[in-house]
Amino acid sequence: MKIMVIDGNSILNRAFYGIRQLTNHEGLPTNAVYGFLATLFKLQDEERPDRTIVCFDVKEKTFRHLKFDTYKATRKGMPDELAAQLPLTKQVLDALGIVRCEKAGYEADDLLGTISRRADEHGDTCVVVTGDRDSLQLVGGGTTVMLVSTRMGQTTYQTYDTAAFREKYGFDPIRLIDLKALMGDSSDNIPGVPGIGEKTAMQLLHDFGTLEGVYANIDDERIKKGARTKLQNGEQSAKDSYWLATIDRSVPLELDVEHLPAQDIDETTLYDLLTRLEFKNFIKRFDLSGESVSAPRLPELKTERVENVLEAFNLMDSLTDCDRVYAIVPETLGAVCLLDGDTAHILFAEAFGDAWNDILRRLFDGSLPLVLHDAKAAVRALLQRGMDPKGIVFDTAIAAYLLDPTQSGYDLPRLALAYCNAELPELDLDDPAAVSLLGGQEDTEKAVAQHAGALRAIYAEAADRIEQLGMRKLYYEIELPLLRVLAEMEAAGCAVEPDELRAFGDKLDVRIRDLTEQIYHDADGEFNINSPKQLGEVLFEKLGLHAPKKTKTGYSTNVEVLERIAEDHPIVPRILEYRKLTKLKSTYVEGLLKVISPVDGRIHTHFQQTVTATGRLSSTDPNLQNIPVRTELGRELRRMFVAPDENHVLIDADYSQIELRVLAHISQDEHMIEAFKHGQDIHAATAAKVYHVPLEEVTPQMRSSCKAVNFGIVYGISDFSLAQDIGVTRKEAGEFIKTYLDTYPGVKKYMEDIKQTGREQGYVTTLFGRRRALPELKSKNFNMRSFGERVAMNTPIQGTAADIIKIAMVRVRDRLLRDGLQSRLILQVHDELILEAPKDEQETAMRLLTEEMENAFRMDAPLVAEAKAGHSWYDAK
DNA sequence: TTCCTCACG
DNA sequence: ACGTACGTGAGGAAA
């Protein structure tokens, strides 16, 4: 029989530190549990043990180390976040039917040792899985040790049997104990012999075999005088250490290794647990279904099909008096579900034919206070049918986003689980088959009703919490109105020049082919240049170029690396150019050609309002927020985004330094505010201050450094990254930052305060009350905490800037309408707004746009926006 | 799917 | 000593 015995604490620990802190909807921290299970399943798949046992330390305080008073003081405890995940892990293991082994007073190590010894004696083979190198002393007989190590988030496994161990270390596994007795182990609080390090210890063992051997030959000439004195003085410590380092292999365990129960999964409990933890892929792995599970359900609703137009209008009339009308309206507008008390009324477009548009028009005529989920998609569709949807008073997706912007999604089933602990069936009303009147309706209708019920429950909860958290204005005056603006922008789309785009692509192609040939020639053979793996092999093995140490899973071949070795071989600059061109070709030329609407020949992006952690928008399908601009060639692409005809222009206005202005305002730093008030070039002004020279004497070099620091400050700076960015030593960067912060004491104070406030409150906010929770600030893990601190510094800045441009967008749109102009907003790129305007409105629209952007919010460092007009995006920027 | 790379603010 | 900028989305390769 093959037994796998796992050091639960060690693997859990690795999982915890390997992955960034995650919490699920219930607020359960889950990363360690997840990582642990992932490791466990992977090992079970690969090793196929007959039985698995997981060992845990029972209590840190009962370690045998503690018998030595001197050694216990600095023993590190388990971080709280991890401790919180321990019981969950054990619950899952129990549900999986995996034997757990714990014994008060013993470390998991000792349990591993004891179990492996017993298995060995019984003639079984035993794989010990742990992250702790100490356990390698267990290797021998039928016992192998699999060492799990996590580097850069990548987990690797290395199995040691006696031979493998000997090859690597040059002595027998059991001698690890002797080695530790000599050299000690600071992480385990084993003192060893003071003054003896790894080198000496290895030499001693090599010469004398064992600790005992060393002391038996203490006068041997191979031991140097200094070492001898140290050994003599440290003899007691060596003996203690020997004992400390020895894993106890005869723990009195009741566990009967010979008669382990077969693994028996408790499906119901497992499903419950995995659902709570939101580990969907594991649920899939075990093919669990929730049928036998009793998750709380929302009240049952009756479903009623609305069959004719009259009935539909009567229903809507009767709903007009309602406080709120809960409606499920899919993007395709193929069906609608309206909740009325305990009845879900379902209307299918198919049943109404031409009258369907009348029904939609009535539904959205503004007389029904509609609560929707993800309304933007429906609004866009309605706009595209020439309607003017009104009456949307709440969107649960946006509300849930404001309540916690860091979730990975906000679909209705997920919210139902988080807000009502209810399970909702999957439902895709955008799939025409689902809303077809033909066949299989029952289930769909039931599901729709349940979704509507959940919508109501979520609304009640979410609306309340929006109030409580002080986000009413943000929600009702910024995000909700913005929804309509975004829908209009999406529906409007942007005109493009497909022919020129294709021509540009062909031009790229010629050059790409050329480069490909040269690269193959340089490499003396064909390979896939797009494959970082193959490229790495060619550059660093075949051509023998020096690989600048960057390596994760192979060689790193990114721009930074390639630029450093560009001089070394003509292939490198060619690869750099190849990369540039293929990026332009595939992502932009081909990518954009694919998404030109066959209906109107324009490109309609989708602005995501519920994605970013900071409150920014994002753009997808296609992403129009990352159209190249930084290189001249890439910038050419902007010539393809144009005004639709000779009578129109594009107007592009962007905020000047909005984030730094926000920083100046939030931090109330006098000097920075003054600089902005006087309209100074902020980077130059900073340089003048930092270098103590008059503004006129600031060199481009000085300005550029300060520009980097200004950026860094906004991101939550560190000396390392700044050093990397401006090419100075880390120390110089550190001093530079210090000087900078002394120059702007207000900024310094803000950076300190925000971290503290964030830690105390558990979240940070923007000036408009947008909130981001930051549990990382309390983490004991340095990296995680540092990340939290940078985020705490950055989010209020980036987020406030996002709030401001959102306000501007709503105002620009409203004012264009109010002033009866034909100009329309079509794009937003974080600090930039783009209008499509009739030429005769050009001047008016430019003024309006600049005004509304600058007046969106009054700051002590005033907002400045600059507009430019042109036929294409290239010309308007 | 996940990683790597690279485009933007 | 730790490993580093903040926020995104898309395409191609490899698993």
Worksheet item: Can you tell me how far P of dG3(C) sits from CD1 of I717(A), to the nearest Å?
Response: 21 Å
Worksheet item: Touch check for A792(A), heavy atoms < 4.0 angstrom, all strands: base, sugar-phosphate only, or nothing?
Response: nothing
Worksheet item: dC6(B) C1' sits how many Å from L584(A) CG, rounded?
Response: 10 Å
Practice prompt. Taking only the side-chain nitrogens and oxygens of T557(A), find out if one of them lies under 4.0 Å from OP1 or OP2 of dT5(B).
Written response: yes
Worksheet item: How is A613(A) classified with respect to the nucleic acid when contacts are heavy atoms under 4.0 Å: base, sugar-phosphate, or nothing?
Response: sugar-phosphate
Worksheet item: If only side-chain N and O atoms of S618(A) are considered, is one of them under 4.0 Å from the OP1 or OP2 phosphate oxygen of dG9(C)?
Response: yes
Worksheet item: Using 4.0 Å as the upper bound for N to carboxylate O, is an ion pair formed by K542(A) and E537(A)?
Response: no
Fill in: R639(A)/E636(A) ion pair, N-O < 4.0 Å
yes
Discussion item. What's Q534(A) touching, base or sugar-phosphate or nothing? Going by heavy atoms closer than 4.0 Å.
Written reply: sugar-phosphate
Discussion item. Ring centres under 6.0 Å, that's the criterion: do H665(A) and F857(A) meet it?
Written reply: yes
Worksheet item: Is the NZ or CZ atom of R771(A) positioned over Y763(A)'s six-membered ring, under 6.0 angstrom from the centre and within 45° of the axis?
Response: yes
Discussion item. Rounded to whole Å, please give me the gap between OH in Y401(A) and P in dG7(C).
Written reply: 12 Å
Worksheet, complete the sentence: Any strand, both distances under 3.5 Å, Watson-Crick or G-U wobble: dC2(C) pairs with none
Worksheet item: Which is true for R730(A) with a 4.0 Å heavy-atom rule: it touches a base, it touches only sugar-phosphate, or it touches nothing?
Response: base
Fill in: Distance test, side-chain N/O of R579(A) to OP1/OP2 of dC6(B), below 4.0 Å
yes
Discussion item. Applying a 4.0 Å non-hydrogen cut-off, can you work out what L617(A) is touching in the nucleic acid: base, sugar-phosphate, or nothing?
Written reply: nothing
Fill in: From dT4(C), dG9(B), dC6(B), nucleotide with atom closest to R616(A) side chain
dG9(B)
Discussion item. Rounding to an integer number of angstrom, what distance separates dC3(B) and dT4(C) when you compare their P atoms?
Written reply: 15 Å
Discussion item. Quick check: on DNA chain C, is the nucleotide nearest T795(A) upstream (toward 5') of the one nearest D719(A), or the reverse? Name the residue that is more 5'.
Written reply: D719(A)
Worksheet item: Nearest to the side chain of T612(A), which nucleotide is it out of dG7(C), dG3(C), dA5(C)?
Response: dG7(C)
Fill in: Contacts of type salt bridge (charged side-chain N to carboxylate O under 4.0 Å, His left out), residue D411(A), not counting sequence neighbours
R414(A)
Worksheet, complete the sentence: The nucleotide from dT4(C), dT5(B), dG9(B) with an atom nearest the side chain of S721(A) is dT4(C)
Worksheet item: With a 4.0 Å cut-off, would you call D652(A) and K868(A) a salt bridge?
Response: no
Worksheet entry | H830(A), nearest nucleotide to its side chain (from dC6(B), dG7(C), dA15(C)) | dG7(C)
Item to complete: For the pair R638(A) and D875(A), find out whether any cationic side-chain nitrogen is under 4.0 Å from an anionic carboxylate oxygen.
Response: no
Worksheet entry | Length of the CD-C1' vector between E577(A) and dT5(B), whole Å | 17 Å
Discussion item. Suppose we define a pair by two distances each less than 3.5 Å, Watson-Crick or G-U wobble; what does dA13(C) pair with here?
Written reply: dT2(B)
Can you give me the N/O atom pairs linking the protein to nucleotides 10-12 of chain C at distances under 3.5 Å, or say none if there are none?
| residue | atom | partner | partner atom | Å |
| --- | --- | --- | --- | --- |
| dA10(C) | OP1 | D621(A) | N | 2.8 |

Practice prompt. Classify the angle between the aromatic ring planes of Y555(A) and F540(A) as parallel (below 30°), tilted (30 to 60°) or perpendicular (above 60°).
Written response: tilted
Worksheet item: Is the distance from OP1 or OP2 of dG9(B) to the nearest side-chain N or O of R630(A) less than 4.0 Å?
Response: yes
Worksheet item: Touch check for V714(A), heavy atoms < 4.0 angstrom, all strands: base, sugar-phosphate only, or nothing?
Response: nothing
Fill in: Pairwise P distance, dA7(B) and dG3(C) [rounded to whole Å]
29 Å
Worksheet item: Hey, do the aromatic rings of Y740(A) and F736(A) have their centres closer than 6.0 Å?
Response: no
Worksheet item: Has the side chain of Q798(A) got a donor or acceptor that lies under 3.5 Å from a partner of the other kind on the base of dC6(C)?
Response: yes
